[in-house]
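This report refers to the structure that appears directly beneath it.
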Amino acid sequence: MTPALNHNELEIHEGQLFGAEELKVAKMERSLSAEGVLDIDLDPHRFHVRIPSRLGGKAVIAKIRTVNPEAAYNSAPREVLLTANSSRQESLSQLLVSDEVDALAGGPRTHKVMLDGDVEINSIKIGAMTYPFSMKVPVKVKKRLVGTIIMVGNTGEYLADIEAFNKVAKERYAQVGVDFDFNIVSMALPSAIQNENNIGLWITTGSNNGPHPDASALVDKAVADNLKKEITMFVVRNFVGPEKGRAYPRAHQPLGKEKLANCIFLSGEDMVKVPDPGGNQPNQRAWFTIAHEAGHILTKAGHYGPPNPGYVGHPGLANYGGESPPLVGHNLMKDGTFNLNTLSSSKRLKRMQEQMFLQSLLVDP
Ligand SMILES: [Zn+2]
């Protein structure tokens, strides 16, 4: 026997599990305080488990889990108490999150999930009796972003880090319903490139304004058609200039010089080895650079909002990524992303950015 549920009696709320056709991953745009403390009750993507009956006031427990394309993201079955109020049994607000940092911060009311995963209720306990029950609500992909990350030449030592940053990017984009699907491959250094440690990207002086021959050599070798709905990222050892990464949105390339369109160049050296400007986080990694550079291509825009404090050229606070009190950096597209992966890092995409994506390289699922 399962509890009789009459869906006609349900109130229709956004985020309601009983009756909800799908659930979304939270990006905490409104639920983090200025001090970086999460209040799940304020999150627009929270959900409740509700039964539209008091069931005689008996204690009710629903067992929730998530099942995902990658088992590492499954959240173990968790008992959620449904407390009786005047008209129904209802849980506290719950949140779906895409990464371990958010899951730890939110405690037992957060459930880790991937896009294409499901939230499932497998049993309901009423009083002393447990009843089998089956409800499955999908977490759907809205759009897919396809691409290739190419490890160029002698960059194998950065591979493990690039894999980790790629995973973090996938978790970021899950928060806006975008499946970030990048394949990592390797490629020999094109013979035209002379200095593997100092690859040129762009010539900005004189009449030669345009792609540097090094950048052209990389693109010629790897990109058959740069009008395709795909992004190509090149991880090189290092390039001229101090950046960790540089993106070339199609809209920004002058006529006749569209060669680099939809390409991203990443400096393995700068992403993995260079300490932050304050020199106080020697083991940090550029966790969000891949996600940030892809954001330039998708928004077809440069940086949005004021730079992060402490970023090179903007001294503000030296200890960026670990401010006290912490600053909530919701904006992944600021100039300079936080390097530490914390709850309040600059690792989230805003609703505005989500909407800018709609006319980008994304393909329908
Ligand atoms: Zn940028």
Side-chain angles (χ1 to χ4, degrees), residues 27 145 147 149 158 161-162 164-166 168-173 175-176 178 180 182 199-202 204 211-212 215 218 231-236 238-254 260-277 284-317 320-321 327-341 344-357 359-362:
K27 57 193 171 79
L145 177 64
I149 299 175
Y158 305 125
D161 290 284
I162 295 296
F165 304 154
N166 184 40
V168 162
K170 194 176 179 73
E171 292 167 349
R172 307 276 61 74
Y173 283 88
Q175 297 180 353
V176 290
V178 171
F180 191 90
F182 278 69
I199 286 175
L201 296 184
W202 196 253
T204 53
H212 187 281
L218 289 170
I231 291 176
T232 308
M233 299 194 194
F234 296 93
V235 179
V236 301
N238 211 336
F239 44 73
V240 180
E243 305 110 306
K244 294 180 171 68
R246 197 189 281 196
Y248 293 91
R250 182 183 300 164
H252 284 197
Q253 307 319 310
L260 306 191
N262 304 330
C263 288
I264 290 169
F265 295 85
L266 300 165
S267 162
E269 176 88 5
D270 285 281
M271 289 178 78
V272 171
K273 288 193 170 172
V274 176
D276 80 272
Q284 70 179 326
R285 296 288 185 270
W287 289 105
F288 308 116
T289 300
I290 284 182
H292 171 94
E293 300 302 339
H296 281 308
I297 305 272
L298 293 180
T299 58
K300 300 191 190 80
H303 295 125
Y304 166 72
N308 277 317
Y311 179 59
V312 184
H314 309 281
L317 296 167
Y320 80 118
L327 299 172
V328 177
H330 266 299
N331 185 359
L332 183 66
M333 296 316 298
K334 281 186 176 191
D335 187 2
T337 59
F338 284 34
N339 280 6
L340 297 181
N341 187 356
S344 52
S345 293
S346 58
K347 62 177 189 174
R348 304 175 197 280
L349 291 150
K350 286 180 171 285
R351 181 172 304 212
M352 187 191 81
Q353 290 155 351
E354 183 178 352
Q355 284 162 6
M356 288 169 85
F357 292 168
Q359 295 177 34
S360 64
L361 293 169
L362 299 171

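In listed order, ligands and their atoms are each counted from 1.
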Taking only protein atoms, how many N, O or S atoms are found under 2.8 Å from the Zn ion (ligand 1)?
3

Heavy-atom pair with the smallest gap, counting every atom of I290 and A169
CG2-CB, 3.9 Å

Grab the two heavy atoms, one from F239 and one from K244, that are nearest each other, plus how far apart they are.
CZ-O, 4.1 Å

Quick one: sort the F234 and F265 rings into parallel, tilted or perpendicular, breaks at 30° and 60°.
parallel

Just to verify, what does N238 make a side chain to side chain contact (heavy atoms under 4.5 Å, CB included) with, not counting sequence neighbours?
S267, E269, D270

Using the side chain to side chain contact (heavy atoms under 4.5 Å, CB included) criterion, which residues pair with H296? Sequence neighbours excluded.
A247, P249, H292, E293, H303, M333

Sequence neighbours excluded, which residues qualify as side chain to side chain donor-acceptor pair (under 3.5 Å) partners of D161?
R285

